[in-house]
Amino acid sequence: MYSLLLALIYLAFISLGLPDSLLGAGWPVMHEVFSVPVPYMGIVTMLISGCTILSSLMSDKVTRKFGANIVTVFSVFLTAVALMGFSFATAFWQLLFLAVPYGLGAGAIDAALNNYVALHYTSKHMSWLHCFWGVGTIVSPFVMSYALSTSVWYNGYRIVSLVQFGIAALLLFTLPVWKINAKKESAEESRKSIGIAGALKIKGVPFLLLGFFAYCAAEATAMGWASTYFSEVKGVEGETAAAYASLFFIGLTTGRFIGGFLMDFLGDRKMIQLGTAIAFCGVLCLAIPAETEKLAIVGFVVLGLGFAPIYPCIIHSTPSNFGAENSGAIIGIQMASAYVGSTFMPPLYGLLGKLLGYGMMPIYILAFMVLMIFMTEKTFKITK
C-alpha cells in the first residue's frame, strides 16, 4: 500500500510536468498561427503563473479542508480540460482564457503534493518526485515535435490532454489508497494554521522566499525559452528546436534520479551547493560563443543536471528548518514566490531578448543563480 501510494504520487507529478514544456516547444510555430509576436508567449505564461500564485496561497486552507488526495484528483482533471481547450483555440485571447483553469489546477497539485511528500517521505523521495515531473517535461516536447512534423501543433495538446484525463481517472479510482497516512495527516491538519502573515514573520522565511524566487526565475527562463534560443541564436529549424527544448529537461530529470541516491547522505544544503556548482558549468558552456549548436546542447543538459537537486532540496528542508506544523503554510507561500519568478522573469527575458538579442540568456540566468545561492545559504545559517 505504501509503495502504491508513492507510485500514484509520482504519476500525479508526471501529469504536472507534461504541460509545462509544451507551450515553449510549440511556440515558434504557434505564434505565427495566432499572428502574434514571439514575446507574447510571456503573456500566456504570466497568466498561468499568476493563477498558480493564487492557488498556492490558498493551498494550505483548501488541503486542510478537503485533503491532498481530493485536491490532487480535481486539479488533474482541471488541467486536462484546460489543455483540451488549448487544442481547439483559434485566437490568442482564447489561450489567455484557458490559462486560468490550467494555472489554478497546476498550483494546487504542486503545493499539496510537495508538502505531503516533505512531511511523509525522505529527501530521496522528494528528489524522485521531481524526477517524475521531469519525465513529463521531457515527453511533451517530443509530442509537440511529432505533432509539428506529422500534422499540426494542436494535436500535441490533444495527445497530452488525453493522457491527463487517463491519469486523473486512475487517481480517482485509487482514492482509498491514501488512507495509509490518514491518521498522521488528520493530526497535522487539526493544528491551527499560522496563515500567510504568521509564516512571513518566522525568521529566515523571507530570505528563503527570495532565494526560491530567484531559482525558479532561472529555471523557467531556461525551460520556456530554450526552443526559441536554438531557433533565434543558433538558427535551428522549428521542429528540431522544439525537440532540443527537451535537453534541459533531460538533464534535470537525470540529475534528480541520480540525486535521489545521494540526498539522504549529503543532506539538502550540500546538494544545493553541489547543484549550483554544476549549473555554473552549464552557464559557461552557453556563454562561450560558437557558430554551431553543439556547445549549447551540452550547456542545456549540464544546466539541467545542476538545477536538478535545488528545487526538491529547498522544499524538503522546509519542515526541518521551520517545523512540520508550519510547513503547509510556508510551502504554499514558497510555491507562490516560485511562480512570481516564473511569471515575471521569463517574459522580461523575452522583452530584453527582442531588444538586445536572445543570446543574453547565460548572463540573465547567472544573475538569478547568484541571488539564489546567497539567499538559500543565508536561510540555512539562520535556521541552523
Linked, directly or transitively: Leu4 and Tyr121 (ILVMFWY side chains, under 4.5 Å): yes

Test: Arg256 cationic atom under 6.0 Å from Phe132 six-membered ring centre, within 45° of axis: no

Nearest heavy-atom neighbours spanning Met369 and Ala279: CE-CB, 3.4 Å

Closest heavy-atom pair and its distance - Ser56, Met335: OG-CB, 3.3 Å

Evaluation steps, side chain to side chain contact (heavy atoms under 4.5 Å, CB included), between Phe13 and Val135: CA-CA 9 Å; Phe13 244 63; Val135 170; over 6 Å; no

Indicate every side-chain donor-acceptor pair of residues 94-111 with a distance under 3.5 Å to a residue at least two apart or in another chain.
{"unit_1": "Gln94", "atom_1": "OE1", "unit_2": "Thr90", "atom_2": "N", "d": "2.5"}
{"unit_1": "Gln94", "atom_1": "OE1", "unit_2": "Thr90", "atom_2": "OG1", "d": "3.3"}
{"unit_1": "Gln94", "atom_1": "OE1", "unit_2": "Ala91", "atom_2": "N", "d": "3.3"}
{"unit_1": "Gln94", "atom_1": "NE2", "unit_2": "Thr90", "atom_2": "OG1", "d": "3.4"}
{"unit_1": "Tyr102", "atom_1": "OH", "unit_2": "Asp20", "atom_2": "OD1", "d": "2.9"}
{"unit_1": "Asp110", "atom_1": "OD1", "unit_2": "Asn114", "atom_2": "ND2", "d": "2.6"}
{"unit_1": "Asp110", "atom_1": "OD2", "unit_2": "Tyr311", "atom_2": "OH", "d": "3.3"}
{"unit_1": "Asp110", "atom_1": "OD2", "unit_2": "Tyr339", "atom_2": "OH", "d": "2.6"}

Closest non-hydrogen atom pair, Ser161 against Leu83: CB-CB, 3.9 Å

CZ (Phe165) with more than 12 external heavy atoms under 6.0 Å: yes

Sidechain-backbone polar pair: Ser55 side chain, Thr52 backbone, donor-acceptor under 3.5 Å: no

Donor-acceptor contact below 3.5 Å, side chain Ser127 vs main chain Lys124: no

Nearest-0.5 Å distance that lies between atom CD1 in Ile272 and atom CE in Met263: 8.5 Å

Shared hydrophobic cluster for Ile288 and Ile297 (ILVMFWY, side-chain gaps under 4.5 Å): no

Ile331 side, atom CD1; Thr63 side, atom OG1 - distance, nearest 0.5 Å: 10.5 Å

Residue pair Met30 / Tyr157, side-chain heavy-atom distance below 4.5 Å: yes

Shared hydrophobic cluster, Leu295 / Leu303 (ILVMFWY, side-chain heavy atoms < 4.5 Å): no

Nearest-0.5 Å distance, OG1 of residue Thr318 to CD of residue Gln334: 3.5 Å

Modelled atom types, side-chain donor and acceptor of Asp268 and Ser317, under 3.5 Å: no

Within 6.0 angstrom of Met360 CE, more than 12 heavy atoms from elsewhere: yes

Side-chain heavy atoms of Val301 within contact of Thr254, under 4.5 Å: no

Whether Tyr364 side chain and Met345 backbone form a donor-acceptor pair below 3.5 Å: yes

ILVMFWY cluster, Met223 and Leu351 together (side-chain gap under 4.5 Å): no

Side chain to side chain contact (heavy atoms under 4.5 Å, CB included) between Trp128 and Phe257, worked out: CA-CA 6 Å; Trp128 289 334; Phe257 177 74; 4.0 Å; yes

Non-hydrogen side-chain atoms of Met144 and Leu23 separated by less than 4.5 Å: no

Set of side-chain hydrogen bond (donor to acceptor under 3.5 Å, both in side chains) partners for Ser35, sequence neighbours left out: none

Separation of Tyr358 OH from Tyr229 OH (nearest 0.5 Å): 13.5 Å

Thr276 side chain to Ile373 backbone, donor-acceptor under 3.5 Å: no

Check: Ser15 main-chain N/O paired with Gln164 side-chain donor or acceptor under 3.5 Å: yes

Stepwise side chain to side chain contact (heavy atoms under 4.5 Å, CB included) test for Met41 and Val36: CA-CA 9 Å; Met41 183 183 78; Val36 295; over 6 Å; no

Centroid-centroid under 6.0 Å between Tyr40 and Phe92 rings: yes

Closest non-hydrogen atom pair, Val76 against Ala168: CG1-CB, 3.5 Å

Please list, one pair per line, the donor and acceptor atoms closer than 3.5 Å that link side chains of residues 211-221 to other protein atoms, with sequence neighbours excluded.
{"unit_1": "Tyr215", "atom_1": "OH", "unit_2": "Glu219", "atom_2": "OE2", "d": "2.7"}
{"unit_1": "Tyr215", "atom_1": "OH", "unit_2": "Phe307", "atom_2": "O", "d": "3.2"}
{"unit_1": "Thr221", "atom_1": "OG1", "unit_2": "Ala217", "atom_2": "O", "d": "2.7"}

Ile315 side chain near Met126 side chain, heavy-atom distance below 4.5 Å: yes

Ile48 and Val44, any side-chain heavy atoms less than 4.5 Å apart: yes

Any side-chain heavy-atom pair of Leu348 and Phe344 under 4.5 Å: no

Residue that, paired with Tyr244, satisfies ring-ring contact (aromatic ring centres under 6.0 Å, His included) out of Trp225, Phe230, Phe300: Phe230

Nearest heavy atoms of Gly17 and Ser140, plus distance in Å: O-OG, 4.4 Å

Separation of Leu129 CG from Leu113 CG (nearest 0.5 Å): 6.5 Å

Test side chain to side chain contact (heavy atoms under 4.5 Å, CB included) applied to Tyr116 and Val71, step by step: CA-CA 12 Å; Tyr116 191 88; Val71 171; over 6 Å; no

Euclidean distance, Thr376 OG1 relative to Lys378 NZ, rounded to 0.5 Å: 12.0 Å

Path from Leu47 to Met58 over hydrophobic side-chain contacts below 4.5 Å: yes

Any donor-acceptor N or O pair under 3.5 Å, side chains Tyr10, His125: yes

Heavy-atom side-chain proximity of Phe86 to Leu22 below 4.5 angstrom: no

Heavy-atom pair with the smallest gap, counting every atom of Gly306 and Pro309: O-CD, 3.2 Å

More than 12 heavy atoms of other groups within 6.0 Å of Ile363 CD1: no

Minimum side-chain heavy-atom gap Ile9-Val117 below 4.5 Å: yes

From Trp27, Tyr146, Phe34, residue fulfilling ring-ring contact (aromatic ring centres under 6.0 Å, His included) relative to Trp153: Phe34

